[in-house]
Amino acid sequence: MLHICLSVINSLVALSPLCEEHAAYLGSIHARSTLSTREKYQPLFLKRYQASEMATLWQNTLNFVVQNGKCRFHRNVLNCPLLSCAANIVGFRNIHFQELNKNFKYISNEKTELKVDPVTMKLNKRPDRPLCIIMSWMMAKPKHTQKYAELYLPYGFDVVIVSCSPMQLMWPAKGSKVIAADLMKFIESNENFGPLVVHGFSVGAYLWAELLVQSLGDKRRYQPQLDRVAAQVWDSPADIYEIPVGLSKAVFPKNKLLQTSLRTYATTHMKVFHNVATKHYMRATEVYHDTPCHAPGLFLVSKTDPVGTVERSRRAYSMWVDMGIRCNFKCWDKSPHVQHYIHHPEEYLAALHHHLEECGIFRSQKLRMSL
């Protein structure tokens, strides 16, 4: 963790004497900082800079270095005047997070307080901006999904991150299908957003497929909403047959014994509760392949991914192309599940930007931002 602190310090020192002084304080906090560290340095710091923003800065600095013994960088640090000047050097931005409900997180460059009607999913304000809908993978941490949100925020996008818990996946009628219905309401009730981009991961593909299933129930009403989607991106999309493997790895990523136990239970669950769960998975998979959403698609997969297998994505890709949907396909020889961006950042960004520029999205947004 110390080398992370030092890299930040080096960026700050180059800015100004004031930043250099603060960097010295940050450097004095070592990798094993504890409560005693707070007690030792906080009074000295506050005495030197008697100001409310400095108190906020101190708290955020400690959040950076000390939290349950782990290094977790909080981007609110950059909201403070002292560190805002470092944004261009270390590549960070002011980002504002809001929780619309337990499954919907809203991220924007604009600090606007939004509230959502729980019945209609309509926002109390009308942001006139493009929107990226990130269909998250199972048990994804906010700091991980934020990395993908930051791919769109510089282009003027707002981002909605949609998540699904293990229990909501296992019991679709009261879980994933409800989330999908809320997402459809959100898209329909907030028609000012556009263009729309769907960027999904792993089980997020199934969650989006449940929305597609719902759209078939009333094509006249919902097809216009699907037609607003300008591009689709599917990173490691998981099929019904990989649910036991993907679920067990997501819940117990480092415990092989518990992975095996949960995988066995999930397989049994799908057999015993066919009418309650499995039939919904099967129908969603069928509609995902025969999709009513004809936006151009990009598939990002790996030959070594046991959850989002190449074969399943290749089948979906072929079916979409046969339907006349323009698609791109990127496959790595070796890359873990939903970690292609981490292991192959340059190739990932090149594929993503090429696809979105083909769809006219990033190109049009660059022009819009320059006006």
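Quick note: residue numbers are just sequence positions, from 1. Remember, predicted model here, so these are calculated numbers, not experimental data.
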Nearest non-hydrogen partners of [X] and [Y], listed with the distance:
X: Leu169; Y: Met138; answer: CD2-CE, 3.4 Å
X: Cys293; Y: Gln232; answer: O-NE2, 3.3 Å
X: Arg129; Y: Tyr106; answer: NH2-OH, 4.4 Å
X: Lys219; Y: Pro224; answer: O-CD, 3.8 Å
X: Ile134; Y: Ala149; answer: CD1-N, 3.7 Å
X: Ala231; Y: Cys359; answer: CB-SG, 3.8 Å

Quick one, [X] and [Y] - any side-chain contact, counting heavy atoms below 4.5 Å?
X: Met270; Y: Tyr281; result: yes
X: Leu211; Y: Leu226; result: yes
X: Val229; Y: Val197; result: no
X: Glu347; Y: Trp332; result: yes
X: Leu196; Y: Ile187; result: yes
X: Ile95; Y: Glu150; result: yes
X: Tyr348; Y: Ser335; result: no
X: Ile107; Y: Val160; result: no

Show your reasoning for whether side chain to side chain contact (heavy atoms under 4.5 Å, CB included) applies to Leu123 and Phe193.
CA-CA 11 Å; Leu123 296 174; Phe193 283 118; 3.9 Å; yes
If you measure from [atom1] on [X] to [atom2] on [Y], what distance do you get to the nearest 0.5 Å?
X: Leu153; Y: His96; atom1: CG; atom2: NE2; value: 10.5 Å
X: Cys164; Y: Glu210; atom1: SG; atom2: CD; value: 9.5 Å
X: Asn328; Y: Leu298; atom1: CG; atom2: CG; value: 6.0 Å

With no hydrogens and no angle check, is any side-chain donor or acceptor of [X] less than 3.5 Å from a backbone partner on [Y]?
X: Asn190; Y: Met121; value: yes
X: Thr304; Y: Lys334; value: no
X: Gln98; Y: Thr112; value: yes
X: His340; Y: Lys330; value: no
X: Ser189; Y: Phe186; value: no
X: Gln225; Y: Tyr222; value: no
X: Gln146; Y: Lys141; value: no

Are Glu188 and Arg221 close enough for a salt bridge, meaning some N to O gap below 4.0 Å?
yes
Basic-acidic side-chain contact under 4.0 Å: Glu286, Arg283
yes
Ring centres under 6.0 angstrom apart (His144, Tyr341):
no
If you count heavy atoms of other groups shown closer than 6.0 angstrom to CE of Met323, is the number above 12?
yes
According to a 4.5 Å side-chain heavy-atom criterion applied to Ile, Leu, Val, Met, Phe, Trp and Tyr, with indirect links allowed, do [X] and [Y] form part of one hydrophobic cluster?
X: Tyr265; Y: Met167; answer: yes
X: Leu131; Y: Leu100; answer: yes
X: Trp137; Y: Leu151; answer: yes
X: Val321; Y: Leu212; answer: yes

Could you walk me through whether Ile179 and Leu207 pass the side chain to side chain contact (heavy atoms under 4.5 Å, CB included) test, one step at a time?
CA-CA 8 Å; Ile179 300 171; Leu207 198 57; 4.0 Å; yes
Val198 vs Val233, side chain to side chain contact (heavy atoms under 4.5 Å, CB included): CA-CA, chis, key distance, verdict
CA-CA 6 Å; Val198 179; Val233 180; over 6 Å; no
Going through the distances and angles, do Tyr288 and Trp234 end up as a ring pair (Phe, Tyr, Trp, His ring centres under 6.0 Å)?
CA-CA 12 Å; Tyr288 178 82; Trp234 295 109; 5.7 Å; yes
Please determine, by modelled atom types, if Tyr206 and Ser176 share a side-chain donor-acceptor pair under 3.5 angstrom.
yes
Test item: side-chain donor near acceptor, Asn124 and Glu113, under 3.5 Å
no
Go through Asp117 and Thr120 one step at a time and tell me if the side chain to side chain contact (heavy atoms under 4.5 Å, CB included) criterion holds.
CA-CA 6 Å; Asp117 186 314; Thr120 65; 3.3 Å; yes
Return the orientation label for the Tyr152 and His199 ring planes: parallel under 30°, perpendicular over 60°, tilted otherwise.
perpendicular
Using 30° and 60° as the class boundaries, would you call the ring planes of Trp171 and His269 parallel, tilted or perpendicular?
perpendicular
Arg326: which residues meet the salt bridge (charged side-chain N to carboxylate O under 4.0 Å, His left out) condition with it, sequence neighbours left out?
none
Could you please spell out the steps behind the ring pair (Phe, Tyr, Trp, His ring centres under 6.0 Å) verdict for Phe329 and Trp320?
CA-CA 12 Å; Phe329 197 92; Trp320 288 15; over 10 Å; no
Determine which pairs satisfy salt bridge (charged side-chain N to carboxylate O under 4.0 Å, His left out) with at least one residue from residues 287-312, sequence neighbours left out, and list them in order.
Glu242-Arg312, Lys303-Asp333
Take Phe201 and Tyr148, measure what ring pair (Phe, Tyr, Trp, His ring centres under 6.0 Å) needs, and give me the verdict at the end.
CA-CA 11 Å; Phe201 303 83; Tyr148 295 93; 4.6 Å; yes
